[in-house]
Amino acid sequence: MRLGSRAARARRSAFGPSVVSAAMSSGNGARSDGHEAQAHDVVVVGAGFAGMYMLHKLRDLGFDAVVVERADDVGGTWYWNRYPGARCDVESMQYSYSFDPELEQEWEWSERYSGQPEILRYANHVADKYDLRRDIRFETTVTAVDWDDDARQWHLQTDRGPYRARFVVMATGCLSTANVPQFEGAETFEGPTYHTGRWPHEGVDFDGKSVAVIGTGSSAVQAIPVIAAECRELTVFQRTPNYSVPARNQPLDPIEKADWKANYRELRARMVTEPAAMVLRLPGSEDLAKEASDDEFARRMEQRWAVGGFTFYRAYGDIALDAESNDRVAEFVRRKIAEVVHDPEVAAKLTPHNTIACKRPCLDTHYYETFNEPHVNLVDVSATPIERISPAGVVVDGTEYPVDAIVYATGFDAMTGTLLRMNITGRGGVRLADHWDAGPRTYLGLGVAGFPNMFTVSGPGSPSVLTNMIPSIEQHVDWIARCLVDLRERSTTVIEAEPDAEAYWVDHVNAVADLTLYPTCNSWYLGANIPGKTRVFMPLPGFPPYVEICEDVASDNYRGFALA
Ligand code: NA7
């Protein structure tokens, strides 16, 4: 009954026949190659967790929506990042959708933190349960997105034909464009190469092989112990040492799982009152680390180290704010590295000296311990960068390290990379790449001035990557859906961020970031990992105040957006 009525509603355009028929009759629907553009109320780009929920929500509300996705199945991040050891750093009972209590109750997570295969199975389960695939066009890559001011709609070009829509929702993920450094001679390497974010679905076997891993970020920290266990010899090329805290992964305690399931509503409500949209195993403290006595500090940090996970970083309220407190916590981790790693020279190389947690914090399972293995080597490339890749291996400072395979754990062009590669052109032919020349500019991380009817999910300027992504995604999708319903009810067809509101928001995000220690090191949050990328802190710290502002803006007739 419910499905039937939804299908019936979905058959017509939620904005009436005007979108489709006007566009068709304007002649804009036909491509020169004769392909007729598919017309929809909304085209969603990306079928990860954001795109899947957006589609489900839009269909439920009676909109005619379609998703285009470059992969051949759902899952987004969890479709692509299949590297050995890939695992979510957010605990599994919290890294899941909250929108349907039935889904919450029926799905069984097996570990404290879910591995990639289990999360991908969950994504597939969601796609099956809500019959999402019928409105997802797989293996379809968007090549251009142009706003048509006369027809008040977007034209999307894809490698599988054109689309038209009143609205576009960019559910393209924050870490979806791989960063592969352009090492001289890379193409001459005779063995296989892999990027962690574009890992093949099958056929990777490191048994008996000598493997290079380039990079020591979150992905490498997860992959290195697992690859080391598989291969004959592992050589890690490290440019910047990283702080990592034990994850303490383990099978999920059935009592804990039952407790979450019995109290999901209350716990979900609590999650969204937390700065990173997740409930920690030990409550965050507002105490100041620099004021704690030595005994108290040691007791508290040891306790959090033993519990594992992000709770470590909330031991004190000023870790992300005060350099002295931050260094006290950093020193605690440095001492742990020295305790764990047997060879003092290796320990020294693995020891970071920058601000802790200003790069994306890593959680691990036996990361530092892995460097005690006799077949694991560490090459410091901080002072002497990788010179080139030879047919046989990696060359640093004139020394060739021969390997059978190279793993690039070199990260992503985060938050803006995928959006900019889509060739988006807004009002007056302005390119998004030009509008964002000095760094991304958004209003609330949801809209961009000059780019009407385009929404970004967890875009730059929103808390996104500083939070548990699924609640952040749900908050954005719910906001966008509410907005589209409000526009439909008011027969409003265009919504666009006002330049002043956008400018105010960019300043606000910078001002909040400047209160923290985040801008003090070269992280992908700042775009500092991509040569030539403008250095701007992209996400907004603090989930609860952000949610409040979004609610307030919507309730105040979408303050800061122009409605036409
Ligand atoms: P990251 O955190 O950006 O890590 C990339 C790593 O690659 C990092 O250690 C970089 O060193 C290193 N890197 C990048 N370019 C080079 C070159 N040219 N030479 C040597 N080393 C290099 O990406 P991840 O995939 O690990 O993490 C992203 C995840 O964060 C995401 O999947 C979420 O799980 C959270 P650097 O520090 O820049 O000196």
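The basis for the numbers below is simple: all heavy atoms, side chains too, and nothing from hydrogens, waters or symmetry mates. Order of appearance sets the numbers: ligands from 1, and atoms from 1 within every ligand. If you read the sequence from its start, that first residue is 1, and numbering goes on from there.
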Self-check item: Option whose closest heavy atom lies nearest to atom 35 (C) of ligand 1, chosen from Lys359, Met469, Arg360
Solution: Arg360
Self-check item: Closest candidate by heavy atom, reference atom 14 (C) of ligand 1, pool Gln222, His195, Arg239
Solution: Arg239
Which protein heavy atom lies closest to [atom], and at what distance to 0.1 Å?
atom: atom 28 (C) of ligand 1; value: Trp524 NE1, 3.9 Å
atom: atom 29 (C) of ligand 1; value: Ser218 CB, 3.9 Å
atom: atom 23 (O) of ligand 1; value: Gly411 CA, 3.1 Å

Practice problem: Indicate yes or no: does Arg334 engage Glu331 in a salt bridge with an N to O separation below 4.0 Å. | Solution: yes
Quiz item: So, are Glu91 and Arg281 salt-bridged, with charged N and O less than 4.0 Å apart?
Solution: yes
Decide whether an N or O pair under 3.5 Å exists between [X] and ligand 1.
X: Ile386; answer: no
X: Asn179; answer: no
X: Ser219; answer: yes

So, [X] versus [Y]: side-chain donor-acceptor pair below 3.5 Å or not?
X: Glu111; Y: Asn249; result: yes
X: Lys533; Y: Thr416; result: yes
X: Arg268; Y: Ser98; result: no

Have a look at ligand 1 and work out which part of [X], if any, has a heavy atom under 4.0 Å from it: side chain, backbone, both or neither.
X: Thr240; value: both
X: Pro181; value: side chain
X: Ala409; value: backbone
X: Gln238; value: neither

Quiz item: At a 4.0 Å cut-off, with the gap strictly under it, does some heavy atom of Phe183 reach an atom of ligand 1?
Solution: yes
Quiz item: Heavy-atom contact under 4.0 Å between Phe237 and ligand 1?
Solution: no
Considering only heavy atoms of [X], which atoms of ligand 1 have at least one such atom less than 4.0 Å away?
X: Thr216; result: 6 (C), 8 (C), 9 (O)
X: Leu175; result: 31 (C), 33 (C)
X: Gly217; result: 2 (O), 4 (O), 6 (C), 8 (C), 9 (O), 26 (O)
X: Gly215; result: 6 (C), 7 (O), 9 (O), 12 (C)

Self-check item: Residues, nucleotides or ligands: over 12 heavy atoms within 6.0 Å of Arg270 CZ
Solution: no
Practice problem: Going by the side-chain contact (heavy atoms from CB on, under 4.5 Å) test, name the single residue among Val536, Val509, Thr442 that passes it with Pro460. | Solution: Thr442
Practice problem: Give a yes/no verdict on a cation-pi contact between Arg121 and Trp107, requiring under 6.0 Å between NZ or CZ and the six-membered ring centre and an angle within 45° of the axis. | Solution: no
Quiz item: Does His201 have its ring centroid less than 6.0 Å away from the ring centroid of Tyr79?
Solution: yes
Quiz item: Would you say the ring centroid of Phe412 lies under 6.0 angstrom from that of His195?
Solution: yes
Quiz item: Within the side chain of Asn510, is there an N or O that forms a donor-acceptor pair under 3.5 Å with the backbone of Val506?
Solution: yes
